[in-house]
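One structure is given here, and the rest of the page talks about it.
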Amino acid sequence: MKFIPHHSMNLEQELLETFGQSNWDSGVDGRRLATRFSAISQIGRTEEGGSRRIGFTKEEQFAKKVVAGWMEEAGLEVTVDGAGNVFGKLEGTDSAAIIQSGSHVDTVPNGGHFDGVLGVLAAIEVAQAWKDTGYRPRHSFEVAVFSDEEGARFHSGVTGSRAMAGELNRDVQRALEDEHGRSFENVLEDNNLSLNGSIEAKRDLSALKAFVEVHIEQGKQLEKNNLPYGIVSGIAGPCWLEVTFKGEAGHAGNTPMNDRSDALVTASSFVEKVSTLPRQVSETAVATVGKMMVSPGGVNVIPGQVKVTVDIRDIDEVQRDELVTLIQRTAEQVANAHQAELEIMESIRVKPVPVDPQLYLLAGKAMEMASGLDPFYLASGAGHDAMIIGKYVPMVMFFTRSRKGVSHSPLEWSSLEDCVETIHALKIFIEELDQNES
């Protein structure tokens, strides 16, 4: 993987072209932000114009090194833990309690230039603005860059934040291998890290007063409401079901239509019904059939068995589980109606992570103060590092508008104006929280 020289890039110019006349006397510098976005986008640039900085590769490590330099410029003391997480800390004037903000710089194989990076640059920009304007927070402030959030290499993400939270399981991590057969342990050694170091990266999270993450929305709600940013109301927890319908395979030409037990017809009826069920439970619930395996799979053979996967999510655990039950009952009803056999296997059930109510309200206040806009709240269907830290620490997220909702793609885009507006709200939020004793 080669690094593309700066003169061949136009991301900085493109970002500046989306920057309006917004001007706040806060120290937040849009041109500096555009320059830093452009610099990170050069690391692991793909032929399609995207980013390839897979977790625990030289590209991710180089990006962290660049970011660490910006942390030092902002007056932060930089440390790296045993999992490769990078932290930049500014000591508080009269409180050791930490307000932490950050995200990640790794990507999917051909991702965009904003996912994760925005959250890292936003947190650094707050610290840099404080340095430029002479502001010192009462509480300590820490910028976090977590390792391997995407999990593209080992199909097991949020590695850095799980390490910090003490959630890494030694046996599970040791069993992981990448597509080249290289173990997680060996890859860590390539990065001057170790499995023991990752396990020992666990921190005392009681020292954190709050965690706040800025991230692109990766959806269309903000765009549809013509808003630059919004506040996350909760992070959905997924439940995955593998639903198998068994009929009877037969010759497509010699089996009459009235004498068939076609598993694909049964499965198709189920898939159609699944799409109507979430709205019966809540506005934030979703269910997706994303994979279907037809067997035997011949052009001239009636399908005898079909497996479908169902991804079920909601930000409320009770509602999510209600939807899971509803989908299971629907599968039973469809199987009975078509006289098919049914098997249901659950592979994942993760608890949703709620946003702290007080931080939720304070973030709304910051949105009003920063932009004069009424608070806008939206659910996160995707997982983030905040999902891990939020289990143990009061947490909130800001989402920045994504053009056409596209993410994990070279077409991923958020305007510089929207990014700066979000950072302005983030800065106000942290300052308000900094002055809050509760």
(request) Starting from the C-alpha separation in whole Å, work towards a yes-or-no answer on ring pair (Phe, Tyr, Trp, His ring centres under 6.0 Å) for Y392 and F211. (result) CA-CA 10 Å; Y392 312 96; F211 179 79; over 10 Å; no
Between the side chains of [X] and [Y], does any donor sit under 3.5 Å from an acceptor?
X    : Y    : result
D106 : H104 : yes
S402 : E217 : no
D204 : S206 : yes
R45  : H113 : yes

Output yes when a side-chain donor or acceptor of [X] lies under 3.5 Å from a complementary backbone atom of [Y], and no otherwise.
X    : Y    : value
S41  : S38  : yes
E223 : K404 : yes
S95  : G92  : no
T159 : S147 : no
D316 : V318 : yes
R138 : D434 : yes
E421 : E417 : no
S140 : I98  : no
D132 : G27  : no
R313 : G381 : yes

(request) Please work out which of the three classes, parallel, tilted or perpendicular, describes the rings of F141 and W130, given edges at 30° and 60°. (result) perpendicular
(request) Kindly compute the distance separating CD1 (I199) from NZ (K202), expressed to the nearest 0.5 Å. (result) 10.5 Å
(request) Calculate, to the nearest 0.5 Å, the distance between atoms CG and CG belonging to L11 and L16 respectively. (result) 9.5 Å
(message) With a 4.5 Å cut-off on side-chain heavy atoms, are I40 and W70 touching?
(response) yes
(request) Decide yes or no for R320 and C239: does some side-chain heavy atom of the first lie under 4.5 Å from some side-chain heavy atom of the second? (result) yes
(request) With sequence neighbours left out, write down each residue that passes ring-ring contact (aromatic ring centres under 6.0 Å, His included) with Y229, or none if nothing qualifies. (result) none
(request) Under the ring-ring contact (aromatic ring centres under 6.0 Å, His included) rule, collect the residues that match up with F87, sequence neighbours excluded. (result) none
(request) Could you go through the salt bridge (charged side-chain N to carboxylate O under 4.0 Å, His left out) check for E125 and R32 one step at a time? (result) CA-CA 9 Å; E125 187 61 32; R32 176 170 57 213; 2.5 Å; yes
(request) Show your working on salt bridge (charged side-chain N to carboxylate O under 4.0 Å, His left out) between R153 and E60 and close with a plain yes or no. (result) CA-CA 12 Å; R153 187 163 190 174; E60 185 201 31; over 6 Å; no
(request) Could you please spell out the steps behind the side-chain hydrogen bond (donor to acceptor under 3.5 Å, both in side chains) verdict for R174 and N169? (result) CA-CA 8 Å; R174 183 176 282 131; N169 179 287; over 6 Å; no
(request) Could you check I235, L361, V396 and say which one makes a side-chain contact (heavy atoms from CB on, under 4.5 Å) with V355? (result) V396
